[in-house]
Number of protein chains: 2
Amino acid sequence: MTITLKDIAKISGVSAATVSRVLSDDPRISGATREKVLARIRESGYRVNDIARSLKTRRTNTIGFIAPLLAEEFFMTVAQGVEDELRAQGFHMLIASSKEDPRIECECIELMTRRWVDGLILIPCAGDGSRLARLAKSRVPLVLVDRLLKGFRADAVVVDNAQGTRRAVARLMERGITRVGFIGASRKISTARDRYRGYVQAHRDHGIALDPAIVKFGDFHQESGYGLMRELAAMKRPAGGVFIANHYMYLGAAQYLLESGNIYRHDYAIINFDEMSATPVIRLAKLTVSQPSREIGAGAARMILGRVRGERTGPPETLTLGTGLVAHDDAYSLNSMINKPGA
Amino acid sequence: MTITLKDIAKISGVSAATVSRVLSDDPRISGATREKVLARIRESGYRVNDIARSLKTRRTNTIGFIAPLLAEEFFMTVAQGVEDELRAQGFHMLIASSKEDPRIECECIELMTRRWVDGLILIPCAGDGSRLARLAKSRVPLVLVDRLLKGFRADAVVVDNAQGTRRAVARLMERGITRVGFIGASRKISTARDRYRGYVQAHRDHGIALDPAIVKFGDFHQESGYGLMRELAAMKRPAGGVFIANHYMYLGAAQYLLESGNIYRHDYAIINFDEMSATPVIRLAKLTVSQPSREIGAGAARMILGRVRGERTGPPETLTLGTGLVAHDDAYSLNSMINKPGA
DNA sequence: ATTTATTATGCAATCGATTGCATAACCGGC
DNA sequence: GCCGGTTATGCAATCGATTGCATAATAAAT
């Protein structure tokens with residue numbers, strides 16, 4: 001038999017209303033009563049039933065977080081940022097993954113709203129915003145993170161993917177590497193699209209013609225990076241550099257270069273997007289575009305809480321964070337190392 | 001104005017009880033009524049209020065999951081396994097991270113039980129089980145994952161860390177490498193303890209004296225692996241091999257070996273624990289002990305659901321999964337590669 | 001001493017479902 | 001036409017809180 005607020009009322013000799021007010025620090029309660037009730041609460045080990053409370057207040061102090069996958073470092077670093085910020089403000093996080101499948105995503109949203117999350121933070125999968133129309137009309141605030149959706153305005157936190165890419169590719173060009181390959185993902189995803197856009201812009205900026213033969217699109221995963229790097233390496237006229245659009249494609253590409261031994265024959269100037277725990281160990285890239293992943297999460301959390309608390313009510317806002325650019329002058333250049341002692 | 005079950009009752013010309021029974025597929029409801037009510041539900045876009053339902057049924061269909069950190073691949077692969085299994089069975093996942101701090105962990109547990117999670121899956125942080133005594137006495141089922149706690153029996157899913165380590169170290173010894181260093185973590189954590197135990201056993205099995213000078217304890221993180229590898233490398237009499245107790249320490253150790261250039265001077269036979277997405281790219285290890293992380297998660301989910309549904313009631317059970325052992329005969333051996341063309 | 005203002009507390013409705021028990025409706029059997 | 005037996009549905013209590021409104025108690029004012 002769990003102890004309820006009513007029990008506390010009884011043993012304290014007051015009404016349930018009074019106990020409830022003590023719990024919510026209502027200033028109308030006298031100091032004496034407050035102390036007495038608090039003492040009984042402490043003795044009895046009473047704990048509020050948040051479910052009952054939520055039913056009445058229509059707030060759950062819970063924010064839903066949906067990412068394409070759980071086991072990806074970028075998404076989970078964002079999640080950590082969200083969680084830290086939420087916890088600091090007394091909120092919980094209900095989490096789910098969509099597997100990059102819009103149908104599963106919809107299902108997750110449906111289930112979360114049924115559980116009355118106060119707000120939803122979503123890293124959406126590919127596609128447009130039409131599937132979110134219903135959600136948008138509901139009372140549940142939404143913040144899009146990392147990726148935007150065509151034809152859908154909502155609060156959002158993103159980084160400037162085009163600018164980050166453009167700057168990195170430009171840097172390579174300024175060092176005289178003009179033939180830069182591209183390993184990206186489906187342009188149905190805004191980040192993939194924007195990174196491609198930045199790549200194109202860099203070419204335009206430098207008046208360099210873009211060779212479509214060395215532009216490859218995959219799906220942001222390791223196998224894809226592996227396969228595309230192989231295609232690139234198989235070209236008769238190899239690229240001098242390669243831009244690789246995310247961490248996992250970089251892992252795959254690196255794996256190919258190492259396994260095939262290609263790395264001992266050709267020295268690609270690699271740019272990779274995302275700085276993760278393994279990045280300093282792989283060291284094949286000359287340039288790394290980094291994202292403030294935790295800050296993205298923290299920003300999204302602050303944004304959603306602003307809506308939830310009604311502190312912010314106007315039209316959707318977008319928070320755009322900048323990317324970093326790290327040069328690895330100590331990057332491997334295995335072939336030169338190997339050749340140095342030898343030749 | 002949200003539509004409630006009562007509204008559906010009214011427009012269908014039946015009582016709320018009947019609608020509720022339709023919703024739960026009660027066989028006593030006649031086909032005609034069922035169809036009529038379902039039609040009204042569909043037209044109106046009615047959706048049950050899970051909060052109200054939970055208040056009455058005392059079940060939330062939600063399982064809490066607490067891990068030391070969110071942004072670690074192992075934990076999140078487990079989480080993905082948990083989530084997939086839970087979703088397949090109609091359950092949600094409330095997630096939180098303890099930051100390896102028992103106080104935060106307790107707080108998370110407290111908050112989750114206040115939200116009436118039906119069960120709790122916990123990857124605990126260091127320390128003993130006393131802090132969980134209260135939880136254990138409550139009605140909330142608990143499954144410990146990955147790590148066990150001294151003096152605390154509960155359902156659990158773990159891998160055989162000692163055995164996995166022992167076999168790997170033994171393999172190295174059989175290849176003639178008898179001086180094997182150890183880079184591990186605090187023995188307050190059961191996995192760290194067990195991996196050390198396996199390392200010791202391998203020595204005993206082979207009648208090899210263990211040199212405490214090359215046994216180092218850190219904290220499972222990258223910086224720690226980096227620092228300990230440096231210590232090991234600084235020894236006058238270097239080890240022939242090194243066992244590194246988890247992925248992040250391996251990353252750190254690898255980073256040190258690469259940055260310091262040590263890798264070009266000495267060829268450590270490395271064993272690393274955990275096979276992660278970056279593992280095939282790093283390729284410094286000769287042997288990798290792998291864990292079935294998703295299966296751990298899925299197993300934990302099944303275990304907790306068994307308790308939640310009351311299908312399983314007896315004393316605590318432990319599910320112990322085996323580890324894999326992968327040999328990388330193509331592992332880097334950079335120094336030999338460099339020397340081959342040269343010398 | 002009576003009225004007015006102020007402060008502290010209680011009453012009772014409410015949030016939106018579920019469910020044990022009662023009952024109405026219908027069936028065939030005699 | 002009455003009765004026991006199903007079958008389908010409704011009544012009303014309940015889960016554990018919150019909160020607007022009423023009121024009791026006390027203090028202040030006249």
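Numbers restart at 1 for each chain; the letters A, B, ... are given by sequence-line order, proteins then strands.
Of the residues in residues 29-44 of chain A, A:Ile29, A:Ser30, A:Thr33 come within less than 4.0 Å of DNA chain C through at least one heavy atom, sorted by number.
Atom CZ in B:Arg59 sits roughly 18 Å away from atom P in C:dA17 (whole-Å rounding). The interatomic distance linking A:Asp26 (CG) with D:dT19 (C1') rounds to 10 Å, in whole Å.
Without hydrogens or angle criteria, A:Ser12 side chain to A:Val37 main chain gives no donor-acceptor distance under 3.5 Å. Although no hydrogens or angles enter the test, the distance criterion places no donor-acceptor pair under 3.5 Å between the side chain of A:Thr33 and the main chain of A:Ile29. In this structure a side-chain-to-backbone donor-acceptor pair under 3.5 Å is present from A:Asp118 to A:Thr60.
A salt bridge links B:Arg302 to B:Glu295: one of the charged nitrogens lies within less than 4.0 Å of a carboxylate oxygen. Using a cut-off of 4.0 Å between Lys/Arg side-chain N and Asp/Glu carboxylate O, A:Arg87 and B:Glu107 are scored as not salt-bridged.
If you check the side chains of B:Ser130 and B:Asp128, you find a donor sitting under 3.5 Å from an acceptor.
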For a side chain to side chain donor-acceptor pair (under 3.5 Å) check, start with the C-alpha distance between B:Trp116 and A:Asn49, then their side-chain angles and the critical distance, and finish with the verdict. CA-CA 8 Å; B:Trp116 286 86; A:Asn49 182 330; 3.1 Å; yes
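Using a 4.5 Å heavy-atom threshold, the side chains of B:Val143 and B:Val157 count as touching.
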Heavy-atom protein contacts under 4.0 Å, nucleotides 10-16 of chain D, coded B base, S sugar-phosphate only, - none: BB--BBB
